[in-house]
Amino acid sequence: MRTTQMFIPTLREDPGEAEIVSHRLMLRAGMIRKVAAGIYSYLPLGLRVIRKVEQIIREEMNQIGAQEVLLPMLSPAELWKETERWDFYGKELMRCQDRHDRDFCLGPTHEEIVTDLFRREVRSYRQLPVTLYQIQTKFRDEIRPRFGLMRGREFIMKDAYSFDQNEEDAQKSYNDMYQAYQRIFTRTGLHFRAVQADTGLIGGSSSHEFMVLANIGEELIVFDPESSYAANVERAEVVTSPPASQDEPYHSLKKVNTPQTKTVTEVCQLLNTTADHLVKTLLYTTPQGSIIAVLIRGDHQANEIKIQRHLGIHDLTLADSDSVQSVTGAPTGFSGPIGLKNVQILADQAVQHLKNYIVGANEADNHYINANHSRDFNIDVVGDFRQAEAGDQSPHSQAKLETARGIEVGHVFMLGTKYSEKMGAKFLDAQGEEHCAIMGCYGIGVGRAAAAAIEQNHDDRGIIWPIPIAPFHVHLLPVTTSEQVLEVTQTLYAALEHANVEVLLDDRNERAGVKFNDADLIGAPLQVIIGDKGLKQGTVDLKERKTGEITKVIPEELVKHVLEKLS
RNA sequence: CGGGGCGUAGCGCAGCCCGGUAGCGCGCCUGCUUUGGGAGCAGGAUGUCGGAGGUUCGAAUCCUCUCGCCCCGACCA
């Protein structure tokens, strides 16, 4: 392609709206433009990268026997009501109506559609297994879209769905997909890590996320430096070590005056103790309007996802101050489990091992010291309700867990029969008995993967594309305008195209500096600089974007050198 | 939804506090020169100052409302 014939509006300056590297560079390199918050147009250069990523995904999906389909973006409310996700998905679902006022939504994911397709067409175990995938625009009305393609309201996603006749086959489908994902992200040149994950709104039993490690990542993961264990903190299990000594006698409960102490830190300061001797009582409102209490050790953070999973609900919110006042009779900051009526009490497992701890007294400006469960109040449920953190004991070795930030570029779920049961997706086995298909679902954020690649591959001059997803392999830069330069440029351009190298020729009437800067910004892995200076010696410069290393080659051998470097 | 910030030429910004005929840099157009890391000279075009209402002789500037965008948080495959 020639630059003068391609729409590549590069920007000299950083757009004010972009905060993170990938967003900034995509805008500056003329790959994308914003239409509204979280909604972008893909320009020719950006689309080329997207197509490269898609192609890698297609090849690996086809390789494991998945078949490409294209499902509608617009889907009728009825299907979503069958699975109850019409209500459950909440505000994130982009809803609309047709001229007859029938409800529709723009698909945020396609379990309903694909399961409906399956139940209409598949009758026999002989038709299994089947895995379908598509690459398509998805819609999610995110509460806060941000960072360009990283979190959009409209974005391109590859989603796949597997249907199997038994657990064993389903596990194989899941594993095949897991392996395919490993190959896909390796081929796209990403440094990533597969971690255990929460199943969220999609639901299901087991799940892994593929995380690209990057500091701007929105996900926090914990990993064990000495084993392969890694998990999203949303999900990471916490193991409690048994208490060092059980001998400490129970002291008697005592109310102490603690004025002006709203936080754990303030209470500890006043009572001259540390946060691990305090138990905070968090009050939550359930979607049904009832209040539950969760007891967490003072130095720990509650993990609302774990609590929600235990309760089997989705919309858990911290109780507002009015609710706290009416349930405890005290302002926020003084809630405690003792004397709470008609409130289910959940306790993190760490609390179970504590003795003689501090809790709020449900009375303004007062706490209890030497509180003990079973004696002073009853815990209804003990469980793992806190957030894992760096320094926690690894569940799989003697090591301490460490944390890192990641960008979620892929997610695989074992769904089981969650959707096939609700929607009646059944088949007959060899004995003529009816079973629900066992499903898996698998997603990849295409644009997000491209953005993640930039986060991991750039310098202060611009993007440094990994070869497999580069929009062009070679950027041809004639830097002077002599006839000889133009002639050699034409010859090399034709020769590279003939060799199926994807080449961008900067044929603009610009000065060398402008061309160099744009080439570095756009980030093709190789640059070929053709100028009178070099041609006097009979050579052109072959420059690697990544290292800056320049090889002087004679024009006749350029194609050979390029092919070597690209292989 | 809570907190913070921002909407002025295609892009980046100044002007606003203290009201008086809208500016700078880059880009864009024309011509000449120049051409190995964002050229020089000369000439030129470009604005409902996000929108609506109000105060005022007069509003980019002050007041009210509203829309949009960005960041933090809550939230989220």
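Excluded from the calculations below are hydrogen atoms, water molecules and symmetry mates; all remaining heavy atoms, backbone and side chain alike, are included. A note on names: the letters A, B, ... follow the listed sequences, proteins ahead of strands, and every chain is numbered from 1. What you see is a predicted model, and the numbers here were worked out from it, not measured in a lab.
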Quick one: do [X] and [Y] make a salt bridge, cutoff under 4.0 Å?
X: A:D103; Y: A:R95; value: no
X: A:R508; Y: A:D506; value: yes
X: A:D520; Y: A:K515; value: no
X: A:D141; Y: A:K91; value: no
X: A:E142; Y: A:R151; value: yes

Exercise. Between A:W80 and A:Y89, what is the ring plane arrangement, given parallel below 30°, perpendicular above 60°, and tilted in between?
Worked result: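 The arrangement is perpendicular - the two ring planes meet at more than 60°.
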Length of the line joining [X]:[atom1] and [N]:[atom2], which is rounded to integer Å:
X: A:D506; N: B:rG36; atom1: CG; atom2: P; result: 14 Å
X: A:L43; N: B:rG10; atom1: CG; atom2: P; result: 18 Å
X: A:R508; N: B:rA39; atom1: CZ; atom2: P; result: 11 Å
X: A:Q484; N: B:rU35; atom1: CD; atom2: P; result: 16 Å
X: A:L93; N: B:rC75; atom1: CG; atom2: C1'; result: 16 Å
X: A:R151; N: B:rC75; atom1: CZ; atom2: C1'; result: 9 Å
X: A:M94; N: B:rC76; atom1: CE; atom2: P; result: 17 Å
X: A:K91; N: B:rA74; atom1: NZ; atom2: C1'; result: 13 Å

Which part of the nucleic acid, if any, lies within reach of [X] when heavy atoms closer than 4.0 Å are counted: base, sugar-phosphate only, or nothing?
X: A:R33; result: nothing
X: A:D14; result: sugar-phosphate
X: A:P9; result: nothing

Problem set entry | Pairwise 5' ranking along RNA chain B for A:E234 and A:I550, keeping only the more 5' one |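 Nearest nucleotide further toward 5': that of A:I550.
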Problem set entry | Toward the 5' end of RNA chain B, by each residue's nearest nucleotide, A:P15 or A:G445 |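 Taking each residue's closest nucleotide, the earlier one in sequence belongs to A:P15.
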For [N] versus [M], give the span between their [atom1] atoms, rounded off to a whole number of Å.
N: B:rU61; M: B:rC49; atom1: P; value: 9 Å
N: B:rC16; M: B:rU33; atom1: C1'; value: 43 Å
N: B:rC13; M: B:rG20; atom1: P; value: 24 Å
N: B:rG27; M: B:rG12; atom1: C1'; value: 11 Å
N: B:rG54; M: B:rG43; atom1: P; value: 44 Å
N: B:rU8; M: B:rC69; atom1: C1'; value: 15 Å
N: B:rU21; M: B:rU64; atom1: P; value: 25 Å
N: B:rC24; M: B:rG47; atom1: C1'; value: 15 Å

Exercise. Can you list the residues that meet the ring pair (Phe, Tyr, Trp, His ring centres under 6.0 Å) rule with A:Y133, with sequence neighbours excluded?
Worked result: none
When you measure from the side chain of [X] to the backbone of [Y], do you find a donor-acceptor pair of N or O atoms at a distance under 3.5 Å?
X: A:S482; Y: A:V485; value: yes
X: A:H310; Y: A:K306; value: no
X: A:E219; Y: A:E408; value: no

With distance as the sole criterion, is a donor-acceptor pair present between the side chains of [X] and [Y] under 3.5 Å?
X: A:H411; Y: A:S207; result: yes
X: A:H208; Y: A:Y174; result: yes
X: A:E111; Y: A:T109; result: yes
X: A:N175; Y: A:Q179; result: no

Seminar exercise, completed: With A:Y178 as partner, the option from A:F185, A:F210, A:F413 fulfilling ring pair (Phe, Tyr, Trp, His ring centres under 6.0 Å) is A:F210
Nucleotide N/O of nucleotides 24-28 of chain B paired with protein N/O under 3.5 Å:
{"residue": "B:rG25", "atom": "N2", "partner": "A:E13", "partner atom": "OE2", "Å": "3.2"}

Exercise. So which of residues 512-522 of chain A are in contact with RNA chain B, with a heavy-atom cut-off of under 4.0 Å?
Worked result: A:A512, A:G513, A:V514, A:F516, A:N517, A:D518, A:D520
Problem set entry | Residues in contact with RNA chain B, drawn from residues 524-536 of chain A - heavy-atom cutoff 4.0 Å | A:I529, A:G531, A:D532, A:K533, A:G534
For this session: Any ring-ring contact (aromatic ring centres under 6.0 Å, His included) involving residues 9-28 of chain A? Give me the pairs, sequence neighbours left out, ordered by first then second residue.
Result: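 Only A:H23-A:Y40 qualify under ring-ring contact (aromatic ring centres under 6.0 Å, His included).
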Taking any strand in view, what nucleotide pairs with [N] in a Watson-Crick or G-U wobble way, both distances under 3.5 Å?
N: B:rA14; value: none
N: B:rA9; value: none
N: B:rG2; value: B:rC72
N: B:rA42; value: B:rU30
N: B:rC65; value: B:rG51
N: B:rG19; value: none

Which protein N or O atoms sit under 3.5 Å from an N or O of nucleotides 68-73 of chain B?
{"residue": "B:rC69", "atom": "OP1", "partner": "A:A37", "partner atom": "N", "Å": "3.0"}
{"residue": "B:rC69", "atom": "O3'", "partner": "A:K34", "partner atom": "NZ", "Å": "2.9"}
{"residue": "B:rC69", "atom": "O2'", "partner": "A:K34", "partner atom": "NZ", "Å": "3.4"}
{"residue": "B:rC72", "atom": "OP2", "partner": "A:R144", "partner atom": "NH1", "Å": "3.0"}
{"residue": "B:rC72", "atom": "OP2", "partner": "A:R144", "partner atom": "NH2", "Å": "2.6"}
{"residue": "B:rC72", "atom": "OP2", "partner": "A:R146", "partner atom": "NH1", "Å": "3.4"}

Problem set entry | Least distance between heavy atoms, A:E389 atom then A:T403 atom | C-CG2, 4.4 Å
Problem set entry | Base of B:rG12 paired with side chain of A:R24 (donor-acceptor, under 3.5 Å) | no
Exercise. Does A:R511 place a side-chain N or O at less than 4.0 Å from the phosphate oxygens OP1/OP2 of B:rA39?
Worked result: yes
